[in-house]
Amino acid sequence: MKNELLPQLRQTLQENIDLKTLESSSKFFKEGERAQVYGVKTGIVNKIGKEFYEQVKSFSKSEIFEIAEELLRSNYMEEAFIAFILSEALEKQYEPSDFKIFEYWVNTYINNWATCDTLCNHTIGNFIMMFPEYIHELKKWARSENRWVKRASAVTLIIPARKGLFLKDVLEIADILLEDKDDMVQKGYGWMLKAASEAYQQEIYEYVLSQRSVMPRTSLRYAIEKMPKELKTEAMRKV
């Protein structure tokens, strides 16, 4: 049965190609980002992914992870999204050893912001909330030479930060990434700071003020996006 499932899934994706979506996908990525696309609307991909999970949910966790990895190997963005629907659906079965699997996926298969953010916001973010002792591994990611691993170190903490978790770690990762020249990294840690500002506006504001002389303007703008106008104006003031 397993051998039949992936060809059937890919056939379903082929049958749901939308030409406008396919055309717009070519403008979706910048230089240095690589992904093939079928051209299926995101809502349809999510529906297909959830239906696919219903077909495989009786399998063992390791079998589902193997299917997810096979989807990731294809380098099709829609297949990656379905892989991450599968991995997130297994949340209640996560155990510490799964971190190595997720880390391998980040290092091996993530090559654009869309797959980076989808995997990290949900699967890995959920894992970190369950096993916060692994945050120290994110700080190692922040020192990587791989732009997507660096971005992953920040965007993994988006949802935890919104919940008011891990402020100290958010600021430590921001410190490591602070002067990074890559705009994907700058946007990633700026977004992390913005998420943290929802629970800790004053602390993030003070952090931005203390670092604004060296923080890239891209990161700064992201970080203060949800703050009141008067705080934004002060934060943006040249020093």
Side-chain angles (χ1 to χ4, degrees), residues 1-29 33-131 134 148-149 151-152 155-160 162:
M1 181 183 175
K2 274 194 291 185
N3 292 339
E4 299 169 7
L5 287 175
L6 286 180
Q8 289 171 1
L9 175 66
R10 288 164 175 153
Q11 180 63 34
T12 302
L13 288 168
Q14 292 276 3
E15 290 168 359
N16 282 275
I17 290 171
D18 176 76
L19 293 180
K20 283 187 179 176
T21 302
L22 181 59
E23 187 181 335
S24 66
S25 297
S26 63
K27 303 164 190 167
F28 201 60
F29 301 112
E33 300 178 75
R34 308 180 308 282
Q36 294 177 275
V37 293
Y38 287 95
V40 181
K41 291 179 179 177
T42 302
I44 302 293
V45 174
N46 289 337
K47 181 173 179 288
I48 292 169
K50 287 172 183 172
E51 289 170 352
F52 185 67
Y53 176 67
E54 289 300 313
Q55 292 181 277
V56 302
K57 68 180 182 181
S58 62
F59 296 176
S60 70
K61 183 175 73 171
S62 62
E63 287 175 319
I64 295 175
F65 278 165
E66 284 173 18
I67 291 169
E69 184 151 349
E70 195 161 335
L71 290 167
L72 289 170
R73 281 195 205 103
S74 76
N75 197 37
Y76 272 93
M77 193 170 69
E78 292 92 342
E79 293 193 31
F81 288 164
I82 292 170
F84 304 148
I85 288 170
L86 299 183
S87 61
E88 185 182 9
L90 296 173
E91 176 185 1
K92 290 181 180 175
Q93 299 181 48
Y94 290 169
E95 53 195 323
S97 59
D98 295 332
F99 184 80
K100 285 295 178 192
I101 294 170
F102 302 148
E103 183 173 54
Y104 179 77
W105 289 358
V106 171
N107 277 285
T108 308
Y109 302 115
I110 298 303
N111 54 33
N112 62 77
W113 64 264
T115 53
C116 180
D117 297 356
T118 304
L119 172 60
C120 294
N121 283 177
H122 303 289
T123 294
I124 305 181
N126 292 346
F127 176 91
I128 290 293
M129 285 189 283
M130 292 173 72
F131 303 104
Y134 279 83
W148 303 116
V149 177
R151 182 179 172 97
V155 299
T156 291
L157 293 182
I158 298 292
I159 292 174
R162 282 186 190 143

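Nothing fancy with the numbering, it's 1 onward along the sequence.
Asp98 is not listed as a side-chain neighbour of Leu90, based on a closest heavy-atom distance of 4.5 Å or more. Contact annotation: the side chain of Ile44 never approaches that of Asp18 to less than 4.5 Å [non-hydrogen atoms, C-beta and beyond]. The closest side-chain heavy-atom distance from Leu72 to Thr108 is not below 4.5 Å. Using a 4.5 Å heavy-atom cutoff, the side chains of Ile159 and Met129 are in contact. No side-chain heavy atom of Arg10 sits less than 4.5 Å from a side-chain heavy atom of Tyr76. Put simply, the side chain of Phe81 reaches to within 4.5 Å of the side chain of Thr118, judged on heavy atoms. Side-chain contact between Leu5 and Phe52 is present, with heavy atoms from C-beta onward closer than 4.5 Å.
Contact between Trp148 and Cys116 at its shortest, heavy atoms only, is O-SG, 3.7 Å. Closest non-hydrogen pair, Ser74 versus Gln36, comes out as O-OE1, 3.5 Å. The two residues Ala152 and Cys120 have their closest heavy-atom pair at CB-SG, 3.5 Å.
Annotation: the span from Thr156 atom OG1 to Asn126 atom CG amounts to 10.5 Å, rounded to 0.5 Å. Here the CD1 atom belonging to Ile82 is positioned 15.0 Å from the OH atom belonging to Tyr53, to the nearest 0.5 angstrom. To the nearest 0.5 angstrom, Gln93 atom CD is 6.5 Å from Ile64 atom CD1. Separating the OG atom in Ser58 from the CD atom in Glu63 is a distance of 8.5 Å, to the nearest 0.5 Å. Between atom OH of residue Tyr134 and atom CD1 of residue Ile124 there is a gap of 13.0 Å, rounded to the nearest 0.5 Å. Note that CG of Asn46 is 4.5 Å distant from CD1 of Ile85, once rounded to the nearest 0.5 Å.
Of the possible donor and acceptor atoms, none in the side chain of Glu78 sits under 3.5 Å from a partner among the backbone N and O of Val37.
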>> Let's go through Glu23 and Lys20 carefully: what are the C-alpha distance in whole Å and the side-chain angles of both, what is the deciding distance for salt bridge (Lys or Arg N to Asp or Glu O under 4.0 Å) to 0.1 Å, and is it a yes or a no?
In response: CA-CA 5 Å; Glu23 187 181 335; Lys20 283 187 179 176; over 6 Å; no
>> Under the criterion side-chain contact (heavy atoms from CB on, under 4.5 Å), I'd like the reasoning laid out for Glu103 against Val149: C-alpha separation, chi angles, the key distance, then a yes or no.
In response: CA-CA 9 Å; Glu103 183 173 54; Val149 177; over 6 Å; no
>> Set out, in order, the CA-CA distance, both residues' side-chain angles and the distance that settles salt bridge (Lys or Arg N to Asp or Glu O under 4.0 Å) for Lys50 and Glu54, then state yes or no.
In response: CA-CA 6 Å; Lys50 287 172 183 172; Glu54 289 300 313; over 6 Å; no
>> Run Arg73 and Glu79 through salt bridge (Lys or Arg N to Asp or Glu O under 4.0 Å) and show every step you take.
In response: CA-CA 9 Å; Arg73 281 195 205 103; Glu79 293 193 31; over 6 Å; no
>> Apply side-chain contact (heavy atoms from CB on, under 4.5 Å) to residues Tyr104 and Lys100 and explain how you reach the verdict.
In response: CA-CA 6 Å; Tyr104 179 77; Lys100 285 295 178 192; over 6 Å; no
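For the residue pair Gln11 / Glu15, a side-chain donor-acceptor distance below 3.5 Å is found, with atom types taken as modelled.
The aromatic ring centres of Phe84 and Phe102 sit 6.0 Å or more apart. Between Phe131 and Tyr94, the gap from one ring centroid to the other reaches at least 6.0 Å.
The side chain to side chain contact (heavy atoms under 4.5 Å, CB included) test with Asn16 is passed by exactly one of Val45, Val40, Thr21: Val40.
Crowding of Lys41 atom NZ: a count of heavy atoms from other residues, nucleotides or ligands under 6.0 Å not exceeding 12.
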